[in-house]
Novice: 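This structure is in structure tokens; I'll ask about it shortly.
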2 protein chains.
Amino acid sequence: MSISSRFSVAIHILCLLAINKDKVTNTSEYLAGSVNTNPVVIRKVMSMLKGAGLVHVRAGVAGAKLAKKLSEITLLDVYKAVNVVAENDLFSTHEHPNPECMVGRNIQQSLTKQFSAAQKAMERSLEIVTLEDVVQDILQSDNV
Amino acid sequence: MSISSRFSVAIHILCLLAINKDKVTNTSEYLAGSVNTNPVVIRKVMSMLKGAGLVHVRAGVAGAKLAKKLSEITLLDVYKAVNVVAENDLFSTHEHPNPECMVGRNIQQSLTKQFSAAQKAMERSLEIVTLEDVVQDILQSDNV
DNA sequence: TTACATGTAACCATAATAATTACATGTGGG
DNA sequence: CCCACATGTAATTATTATGGTTACATGTAA
């Protein structure tokens, strides 16, 4: 199973807001056209980004704007904003192992520890990349 | 979304095989009792572990045995054996972004790169832990 | 006040998971 | 040799998550 594409959609939106800063009004309909999805999907993601303080949007007024500089938003910020993986929940552990068995009554504790470490390693990797890096990639790819 | 508990079940099974090496016959029914699931679930996982060369099982003959030493099996080996996350597929990217938009036609490439790095970071974390470590955790917890 | 945008609830089709049933296949003791 | 028993595996089901969509309430500014 994969982590929801909501994360990828959110990054897409934010990069677009930066690149189109002064060119077009970034309505949910316009953004949906670039992502190729439904405007409601965009608005739902946008609502989460707003909740995390990453964008400014107002009901009734067209367009959204970044609330921070690109270099101040890491992929981890976006990941947390759109809530694609809960704390300590990247890996699921089997429920209710048999408490009468030594392995059954003690394994959860060890698994939780190791899984949590693995999840944190992944999150640290997202933390060292900013949206500025992603936008640079995009600009560079487009010039080749 | 979470990674299938099949991974956690597989680790559970392997630890149990090690700890019960000479005490009981580790039939799928017995193992299912400790994990608290259906024997068929165990047999399916066991089949994948067999395919990866981690256990010996034979159709018709009761019980399974480890094919390697505990210290020679990493969590990453188990993770790959049970195929819970495909290569470069921990994160899903949105399909068919608009090729007429600069962001749409270039973002996949950047996302794939970053997502792949994050997945690899997680996998490296699994690679440095062996089943021996997990069994040690279990034995220690049980003595407290 | 009206045209248009956002905010959100509700619903649906689709896909994945884990559990389960059913049965074919393989094995070795008696 | 055959039969009790274990594994191998296909097929089905209930449950759950996701992404898309419709519908409509709410907000804004010209």
Side-chain angles (χ1 to χ4, degrees), chain A residues 1-10 12-13 17 24-52 54-65 67 82-86 89-98, chain B residues 1-10 12-13 17 24-52 54-65 67 82-86 89-98:
Chain A
M1 218 334 102
S2 290
I3 291 171
S4 170
S5 65
R6 190 161 69 242
F7 181 29
S8 138
V9 170
H12 187 138
I13 291 173
L17 290 186
V24 298
T25 50
N26 296 295
T27 64
S28 62
E29 188 150 2
Y30 170 81
L31 297 170
S34 170
V35 174
N36 187 25
T37 182
N38 192 287
V40 176
V41 171
I42 301 291
R43 295 205 285 270
K44 274 194 272 201
V45 172
M46 198 66 86
S47 167
M48 300 178 106
L49 296 175
K50 179 186 184 179
L54 300 183
V55 297
H56 293 304
V57 213
R58 286 170 56 206
V61 44
K65 293 199 181 313
V82 295
N83 205 31
V84 278
V85 179
D89 203 35
L90 176 59
F91 297 87
S92 41
T93 54
H94 195 79
E95 314 251 288
H96 313 303
N98 189 343
Chain B
M1 210 347 93
S2 291
I3 291 171
S4 169
S5 66
R6 190 162 68 242
F7 181 31
S8 138
V9 169
H12 187 138
I13 290 174
L17 290 187
V24 298
T25 51
N26 296 295
T27 63
S28 62
E29 188 151 2
Y30 171 81
L31 297 170
S34 169
V35 174
N36 187 26
T37 183
N38 192 286
V40 176
V41 171
I42 301 291
R43 295 206 284 269
K44 273 193 272 202
V45 171
M46 197 68 82
S47 166
M48 301 179 106
L49 295 176
K50 179 186 183 178
L54 300 182
V55 296
H56 293 304
V57 214
R58 286 171 56 207
V61 44
K65 294 201 181 311
V82 295
N83 204 31
V84 279
V85 178
D89 202 36
L90 175 59
F91 297 88
S92 41
T93 55
H94 195 78
E95 315 251 288
H96 313 303
N98 189 342

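All values derive from a computational prediction rather than experimental measurement. Convention: sequence-line order gives letters A, B, ...; per-chain numbering from 1.
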Novice: Using atom CZ of Phe7(B) as one end and atom C1' of dA18(C) as the other, report the distance to the nearest whole Å.
Specialist: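 Going from CZ in Phe7(B) over to C1' in dA18(C) covers 18 Å.
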
Novice: Which dot-bracket string describes DNA chain D (Watson-Crick N1-N3 plus N6-O4 or O6-N4, or G-U N1-O2 and O6-N3, all under 3.5 Å; [ ] crossing; | other strand)?
Specialist: ||||||||||||||||||||||||||||||

Novice: For Arg6(B), give me all partners under side chain to side chain donor-acceptor pair (under 3.5 Å), at least two apart in sequence or on another chain.
Specialist: none

Novice: Measuring from atom CD1 of Ile3(A) to atom CG of Leu90(B), what distance do you get when rounded to the nearest 0.5 angstrom?
Specialist: 4.0 Å

Novice: Could you state the CD1-C1' distance from Ile3(B) to dA16(C), rounded to the nearest angstrom?
Specialist: 14 Å

Novice: Measure CD/Glu95(A) against P/dA18(C) and give the value in whole Å, please.
Specialist: 11 Å

Novice: His94(A) has an atom NE2; how far is it from atom C1' of dT17(C), in whole Å?
Specialist: 12 Å

Novice: Identify, with sequence neighbours excluded, every residue that meets side chain to side chain contact (heavy atoms under 4.5 Å, CB included) alongside Ser2(B).
Specialist: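 Counting only residues at least two positions away or on another chain, Ser2(B) forms a side chain to side chain contact (heavy atoms under 4.5 Å, CB included) with Asp89(A), Ser92(A).
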
Novice: dA19(C), dT8(C), dG19(D): which one has an atom nearest the side-chain heavy atoms of Arg6(A)?
Specialist: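 Nearest to the side chain of Arg6(A) among the choices is dG19(D).
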
Novice: Apply side chain to side chain contact (heavy atoms under 4.5 Å, CB included) to Lys50(B) and list each qualifying residue two or more places apart in sequence or on a separate chain.
Specialist: Val55(B), Val57(B)

Novice: Once you round it to whole Å, what is the distance between P of dT21(D) and CD1 of Ile42(A)?
Specialist: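 Spelled out: CD1 on Ile42(A) to P on dT21(D) is 12 Å.
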
Novice: Please report, rounded to the nearest Å, how far the P atom of dA18(C) is from the CE atom of Met48(B).
Specialist: 11 Å

Novice: To the nearest 0.5 angstrom, please state how far the OG atom of Ser28(A) sits from the CZ atom of Arg43(A).
Specialist: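 The OG atom of Ser28(A) sits 4.0 Å away from the CZ atom of Arg43(A).
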
Novice: Is the shortest heavy-atom distance from the side chain of Val82(B) to the side chain of Val9(B) under 4.5 Å?
Specialist: no

Novice: Please list, chain by chain and in numerical order, all residues satisfying side chain to side chain contact (heavy atoms under 4.5 Å, CB included) with Ala52(B), sequence neighbours excluded.
Specialist: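 Here the qualifying residues are Leu54(B), Ala81(B).
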
Novice: Using the 3.5 Å cut-off, write out each protein N or O paired with an N or O of nucleotides 5-7 of chain D and the distance between them.
Specialist:
| residue | atom | partner | partner atom | Å |
| --- | --- | --- | --- | --- |
| dT7(D) | OP1 | Ser28(B) | N | 3.2 |
| dT7(D) | OP1 | Gly63(B) | N | 3.4 |
| dT7(D) | OP2 | Ser28(B) | N | 3.3 |
| dT7(D) | OP2 | Ser28(B) | OG | 2.8 |
| dT7(D) | O4' | Gly60(B) | N | 3.3 |

Novice: Which residues pass the side chain to side chain contact (heavy atoms under 4.5 Å, CB included) test with Thr93(B), sequence neighbours left out?
Specialist: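 Partners of Thr93(B) by the side chain to side chain contact (heavy atoms under 4.5 Å, CB included) criterion, ordered by chain and then number, come out as Ser8(A), Gln108(B), Leu111(B), Phe115(B).
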
Novice: Calculate the interatomic distance between Leu31(B) atom CG and dG8(D) atom P; express it in whole Å.
Specialist: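 About 12 Å, once rounded to whole Å.
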
Novice: Evaluate side-chain contact (heavy atoms from CB on, under 4.5 Å) for Leu17(A) paired with Lys65(A), printing each intermediate quantity in order.
Specialist: CA-CA 6 Å; Leu17(A) 290 186; Lys65(A) 293 199 181 313; over 6 Å; no

Novice: Atom NE2 of His56(A) and atom P of dG7(C): how far apart are they, to the nearest Å?
Specialist: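 The answer, rounded to whole Å, is 13 Å.
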
Novice: Is any side-chain N or O of Ser4(A) closer than 4.0 Å to OP1 or OP2 of dA17(D)?
Specialist: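 No, because none of the side-chain N or O atoms of Ser4(A) sits under 4.0 Å from OP1 or OP2 of dA17(D).
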
Novice: Each nucleotide N or O in nucleotides 11-15 of chain D that has a protein N or O under 3.5 Å away: list the pair and distance.
Specialist:
none

Novice: Report all side-chain donor-acceptor pairs from residues 30-42 of chain B shorter than 3.5 Å, counting only partners two or more places apart or in another chain.
Specialist:
| residue | atom | partner | partner atom | Å |
| --- | --- | --- | --- | --- |
| Tyr30(B) | OH | Asn20(B) | ND2 | 2.8 |
| Ser34(B) | OG | His12(B) | NE2 | 2.8 |
| Asn36(B) | ND2 | His96(A) | O | 2.8 |
| Asn38(B) | OD1 | Val40(B) | N | 2.9 |

